[in-house]
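The chains referred to below are lettered A, B, ... by the order of the sequence lines, with proteins before strands, and numbering in each begins at 1. Note: hydrogens, waters and symmetry copies are ignored here, and every other heavy atom, side chains too, is used.
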Amino acid sequence: MTAPGDAGAEAFASVLAAAQAGAGWACTRLWNSHAPAVSAFLAARGSREPDDLTSEVFLVVFDRLGDFRGDAAAFRSFVFSIAYRRLVDELRVRGRRGESVELIAEEDPRRASSAEEDALERLANERTVALLRSLPPDQRDVMVLRVVADLTVEQVAVVLGKREGAVKALQRRALVQLRKKISDPRTPAGPADDSGE
Amino acid sequence: MVKRIDDTEAEQLLAGMTPAGRPELRDLAGALGSARAAAQSVTAPQPSALVMARLEGQSLPPVSNSGEVDVTSSSADGRATLVVRRPAFSGGVRSMMEWISGVSLTSKIAIGMGVVVFGVAGVGAAGALPGPAQSAFDTIVSTVTGSEPEVDDDPAGYVDDESDVDDDPARPDEDEVEVDDDPAPQVEDESEDDDDPARHDEDESDVDDDPAPHVEDESDVDDDSAPGVEDDEGEVDDDPAPQVEDESDVDDDPATVTEED
């Protein structure tokens with residue numbers, strides 16, 4: 001008899017193997033199980049086009065799938081490592097180039113929004129997410145990965161390339177700061193922009 | 001004095017729970033819990049066309065440096081792969097610009113001369129030069145090629161009364177080709193005049209060099225930015241693979257498992 005955890009691990013292993021063999025259903029499972037969190041993470045961390053970036057992330061994920069070895073937790077770290085790097089790239093490029101704002105029909109506020117857009121909008125408007133964005137970059141990365149991407153300390157350490165102890169310390173400091181900001185509503189919650197815009 | 005938040009309490013707070021005996025953290029726990037809930041309510045975005053192809057089981061072969069897709073590769077399950085030819089155009093233009101900016105001044109002048117010669121030859125052969133210039137051109141053509149302009153060759157029976165110079169645009173192509181050697185010396189004078197512009201060009205090429213490093217910088221930044229398909233260096237290695245060893249099942253966040261199901 002297999003424990004539920006073992007069954008889950010086996011299920012993931014078979015999905016992964018199928019995806020590595022190019023099975024569309026397996027890739028779809030991986031997309032469905034990870035893309036929402038990736039998109040939410042990218043949106044919460046300030047990506048201007050989180051959906052497009054999510055697709056780019058998954059193109060890389062699918063391309064490198066053949067090289068991946070590990071369980072579900074490791075796969076989640078793998079996906080978010082790529083997402084994090086792509087996000088950093090976007091922020092850097094934006095910071096270097098400045099930014100042009102173009103009118104995009106999909107972003108027109110007069111246009112009726114979809115359920116996904118509502119969810120992203122809700123996430124962006126979430127006060128706590130705004131508070132998270134006001135944290136210093138290191139702390140913000142840790143907190144957004146923990147709260148929005150739902151990663152463990154170990155996974156965050158992998159994604160950010162830090163030691164677990166460092167992640168815990170950053171997390172602790174962030175919680176203290178958040179607590180101060182929440183208890184003092186006069187504290188502005190504007191984003192601490194790290195794209196240099 | 002503010003009491004320290006330990007690791008256990010931190011985990012509880014991040015899960016949206018108020019740690020026992022810490023009522024002062026209730027607001028923080030509530031805020032984090034609602035942020036987590038908002039994040040979990042986000043649904044999967046619309047995949048791009050390329051991702052959609054993957055989700056439909058069409059494995060896209062890796063893109064070669066030339067921008068062409070290796071058509072011979074097939075997916076591991078033996079299914080036929082999607083034959084896609086991605087535009088190599090932009091890469092080609094970029095390579096050409098890089099090549100041009102990399103060549104020496106002399107080569108640039110030679111390239112410019114070549115362009116001028118071909119342009120003049122083409123226009124002259126088409127009979128589109130201004131009157132005196134066209135006459136000079138045709139004289140050169142007849143001198144070099146020895147071909148006598150024959151009015152009879154004109155398929156339209158077009159008779160040119162003005163001169164014996166044949167400005168028939170339907171002139172055989174051979175003349176055009178053979179003309180190329182001769183006008184070159186004539187154009188040399190122009191090319192000497194062109195030296196200045198060439199120097200200008202050099203300056204410009206220095207300016208043009210900027211966009212190239214710009215792009216290269218970006219590519220440095222975007223390790224996998226050319227939709228990540230092209231490069232497979234490095235990043236995987238520092239990704240989860242090393243950490244894979246003892247990721248325990250505890251690390252599986254429940255949300256993921258449920259989502260996968």
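In this structure, CH2 in A:Trp25 is found 13.0 Å from CG in B:Leu55, a value given to the nearest 0.5 Å. To the nearest 0.5 Å, the span separating CG on B:Leu14 from CD on A:Gln171 amounts to 5.0 Å. How far SG of A:Cys27 is from CD of B:Glu56: 11.5 Å, rounded to the nearest 0.5 Å. Here the straight-line distance linking atom CZ of B:Arg36 with atom CG of A:Asp150 works out to 4.5 Å at 0.5 Å rounding. Considering CG of A:Leu59 and OG of B:Ser48, their distance stands at 5.0 Å, rounded to 0.5 Å. Note: B:Ile5 CD1 to A:Arg179 CZ = 6.5 Å, rounded to the nearest 0.5 Å.
When every heavy atom of B:Ala44 is checked against every heavy atom of A:Trp31, the shortest pair comes out as CB-NE1, 3.7 Å. Considering every non-hydrogen atom in both A:Ala40 and B:Ala39, the closest pair reads CB-O, 4.0 Å. Across all their heavy atoms, A:Leu175 and B:Leu28 have their closest contact at O-CD2, 3.6 Å.
Between A:Arg172 and B:Asp6 there is no side-chain heavy-atom pair separated by less than 4.5 Å. No side-chain heavy atom of A:Val148 sits less than 4.5 Å from a side-chain heavy atom of B:Val42. By the 4.5 Å heavy-atom criterion applied to side chains, A:Pro36 and B:Thr43 are not counted as neighbours.
Contacts of A:Val153 with chain B are made by side-chain atoms alone, with heavy-atom separations under 4.5 Å and no backbone atom involved. With a 4.5 Å cut-off on non-hydrogen atoms, B:Glu9 does not touch chain A at all.
Of the residues listed (A:Val61, A:Thr28, A:Asp63), the one engaging B:Arg54 in a side-chain contact (heavy atoms from CB on, under 4.5 Å) is A:Asp63, and it is the only one.
The residues B:Glu11 and A:Arg146 are annotated as salt-bridged, a charged nitrogen and a carboxylate oxygen being separated by less than 4.0 angstrom.
Options B:Asp7, B:Asp27, B:Leu13, B:Leu25 differ in how many heavy-atom pairs under 4.5 Å they form with chain A, and the most are formed by B:Asp7.
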